[in-house]
2 protein chains.
Amino acid sequence: MNDLRIVNHQVTLVDQVEDRLLGYFKDNNLGPGDPIPKELELAEALGVGRSVLREALSRLRMLGLIETRTRRGMLLAEPSLLRGMKRIVEPNMLSDKTLFNILGFRVALEIGMSEMIFQNLNKKHIEDLEDIVKRGVVKKFSEYTPVTEYEFHTKLYEVTGNSTIMEFQAIIRPVSVFLKERFQDYFLPINKELSKAGKLVSHKDLLDFLKKGDKEGFRRGMIDHFGPYYSFLKRENPFEKKN
Amino acid sequence: MNDLRIVNHQVTLVDQVEDRLLGYFKDNNLGPGDPIPKELELAEALGVGRSVLREALSRLRMLGLIETRTRRGMLLAEPSLLRGMKRIVEPNMLSDKTLFNILGFRVALEIGMSEMIFQNLNKKHIEDLEDIVKRGVVKKFSEYTPVTEYEFHTKLYEVTGNSTIMEFQAIIRPVSVFLKERFQDYFLPINKELSKAGKLVSHKDLLDFLKKGDKEGFRRGMIDHFGPYYSFLKRENPFEKKN
DNA sequence: AAATCATTATATGTCCGACAAATAACACAT
DNA sequence: ATGTGTTATTTGTCGGACATATAATGATTT
């Protein structure tokens with residue numbers, strides 16, 4: 001705890017202290033459950049005022065990395081992977097590019113889950129999905145209501161049994177909804193056309209693939225289901241000429 | 001029944017202020033570039049001391065949501081989606097379950113990217129990948145060195161043109177490395193066996209699929225390439241009996 | 001002696017006032 | 001009009017004070 005002292009005053013002290021603390025935890029192999037020195041001692045060791053230290057601690061507390069109890073001191077805890085992200089996924093705050101990236105992220109993730117879905121799928125899941133499909137509300141041109149979309153896809157995520165993936169999708173879902181709404185001039189005609197041509201992959205189609213155990217069919221179905229998103233992203237990002 | 005006890009009797013003021021600020025930004029449709037009131041005004045309006053307000057602001061500053069310049073006041077800025085996550089992805093800090101979830105997340109994402117990869121792939125990408133494969137260092141039993149693994153897969157991510165996905169993979173990569181190392185007793189024999197049986201999908205194999213434009217082959221190849229991870233995760237998570 | 005209750009000491013939560021540092025805005029000189 | 005210096009304002013940092021909760025200790029009761 002002696003080699004923590006701050007010298008450089010370029011970046012704000014709080015930023016540096018935050019860094020130092022993380023480094024301190026790492027270097028000392030501290031993990032969830034381990035106690036850390038009290039505020040006054042840390043401030044002293046870092047050579048900063050208590051307010052600066054507290055701002056840094058506050059940041060780490062937000063991420064769930066630190067838990068504090070009055071009089072009992074501070075403990076490290078397992079941080080929440082996505083708590084930071086959760087606060088800022090807000091269409092108003094993010095650039096179009098980021099929103100498109102998030103949409104692409106979601107599509108890739110959901111398609112990539114197929115393998116896991118087939119690995120974990122059981123009867124209960126099928127029943128639940130059947131129920132969702134049965135209750136599902138369809139607007140014109142085979143378009144689902146947001147709630148129906150939400151239920152079906154959330155269930156698919158659930159089948160993976162991966163709570164991190166589930167948490168992630170719950171956080172970024174508003175982005176898909178937002179984009180679909182904002183660019184409905186693009187999506188509606190496409191859906192209309194696909195629907196007329198009978199090429200639209202419905203939730204029921206996907207469920208049938210699952211029931212038959214048709215992995216490849218399911219994956220192709222998912223890709224088609226997301227087809228409008230793919231073409232949308234391609235259109236919005238026409239010149240990907242990095243490097 | 002002892003750990004039901006409520007310890008944190010009150011949500012701290014800082015937590016509440018953080019929430020209020022986010023709500024304020026949202027309700028007023030504020031976005032990147034918009035100025036926000038100065039500290040003293042905010043503290044006054046919120047009815048809290050400046051230090052409490054500053055702790056909350058510090059959290060948002062960490063996420064990149066707020067930029068401040070002395071005397072010029074504070075501006076909203078586009079936050080970084082993953083900056084919060086970046087700080088806490090540290091194997092020592094995360095439970096095994098979370099680490100496994102992250103690995104599964106990565107595998108799903110990387111497989112799901114296939115479609116995007118084929119959409120964006122150009123000659124330059126192929127050349128780069130060929131170069132990486134050519135220079136690649138292989139240890140015994142066809143196992144790649146971490147650097148080679150890193151270069152190849154990073155390049156694949158790059159082809160997607162999705163900077164959010166790229167940033168994400170860069171952050172969580174240490175987890176794969178860590179798990180592979182920690183559970184080498186599991187992975188090494190499997191790789192050895194696959195290698196002997198000639199069933200191991202190499203980077204070169206994957207590249208060949210890309211060159212031939214064989215989308216399905218590439219996807220199957222990726223799944224096989226990640227086969228050991230799949231079986232590992234299945235073993236580590238044998239009873240997924242939620243709901 | 002064991003259990004219960006009251007007191008004390010201590011760590012975090014919050015407030016406040018002060019000053020430093022940076023710089024936008026203004027005033028002034030050429 | 002341009003350049004220069006001064007002033008005012010805003011964030012960054014410090015330190016002290018008190019509130020609150022509670023672990024530790026000691027006192028009281030049975």
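Every chain is numbered from 1 and lettered A, B, ... according to where its sequence line falls, protein lines coming before strand lines. Everything numeric here is computed off the predicted structure, so don't read it as measured data.
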*Just grab all the salt bridge (charged side-chain N to carboxylate O under 4.0 Å, His left out) pairs involving residues 168-178 of chain A, residues at least two apart or on different chains.*
none

*Please determine, for the side chain of B:Arg54, which listed nucleotide (D:dC14, C:dT12, D:dG12) has the closest atom?*
D:dG12

*asked:* Is it the case that the side chains of B:Thr98 and B:Asn101 hold a donor-acceptor pair, with the cut-off being a distance below 3.5 Å and no angle test?
replied: no

_Is a donor from one side chain sitting under 3.5 angstrom from an acceptor on the other, for A:Ser231 and A:Tyr186?_
yes

*Does A:Thr68 put a side-chain nitrogen or oxygen below 4.0 Å from OP1 or OP2 of C:dA11?*
no

*asked:* Tell me the interatomic distance from A:Glu39, atom CD, to D:dC14, atom C1', rounded to whole angstroms.
replied: 15 Å

*asked:* Heavy atoms from C-beta onward define the side chain here; which of C:dC15, C:dT12, D:dT10 lies closest to that of B:Leu13?
replied: C:dC15

*Got more than 12 heavy atoms from elsewhere within 6.0 Å of CD, B:Gln184?*
yes

*A:Glu67 CD to C:dT12 P: how many Å, rounded?*
14 Å

_Whole-Å distance separating the CG atom of A:Leu46 from the C1' atom of D:dC14_ = 15 Å

*Rounded to whole angstrom units, what separation is found between the CD atom of B:Glu44 and the P atom of D:dT10?*
14 Å

*What's the CD-C1' distance between A:Glu41 and C:dT12, to the nearest Å?*
13 Å

Interface polar pairs with nucleotides 16-23 of chain C, N/O, under 3.5 angstrom:
unit_1	atom_1	unit_2	atom_2	d
C:dA18	N6	B:Arg50	NH1	3.4

*Residue pair B:Phe232, B:Lys180: steps toward the side chain to side chain contact (heavy atoms under 4.5 Å, CB included) verdict*: CA-CA 10 Å; B:Phe232 171 74; B:Lys180 218 161 148 183; over 6 Å; no

*asked:* Expressed as a whole number of angstroms, how long is the span from A:Ile66:CD1 to C:dA11:C1'?
replied: 14 Å

Identify all side-chain donor-acceptor contacts of residues 22-35 of chain B below 3.5 Å with residues at least two apart in sequence or on another chain.
unit_1	atom_1	unit_2	atom_2	d
B:Asn29	OD1	A:Asn92	ND2	3.0
B:Asp34	OD2	B:Gly31	N	2.7

*Can A:Glu110 and A:His153 be counted as having a side-chain donor-acceptor contact under 3.5 angstrom?*
yes

*Atom-to-atom span, CG of A:Leu40 to P of C:dG13 - whole angstrom*: 12 Å

*Distance, rounded to the nearest Å, where B:Met74 contributes CE and D:dG12 contributes P*: 8 Å

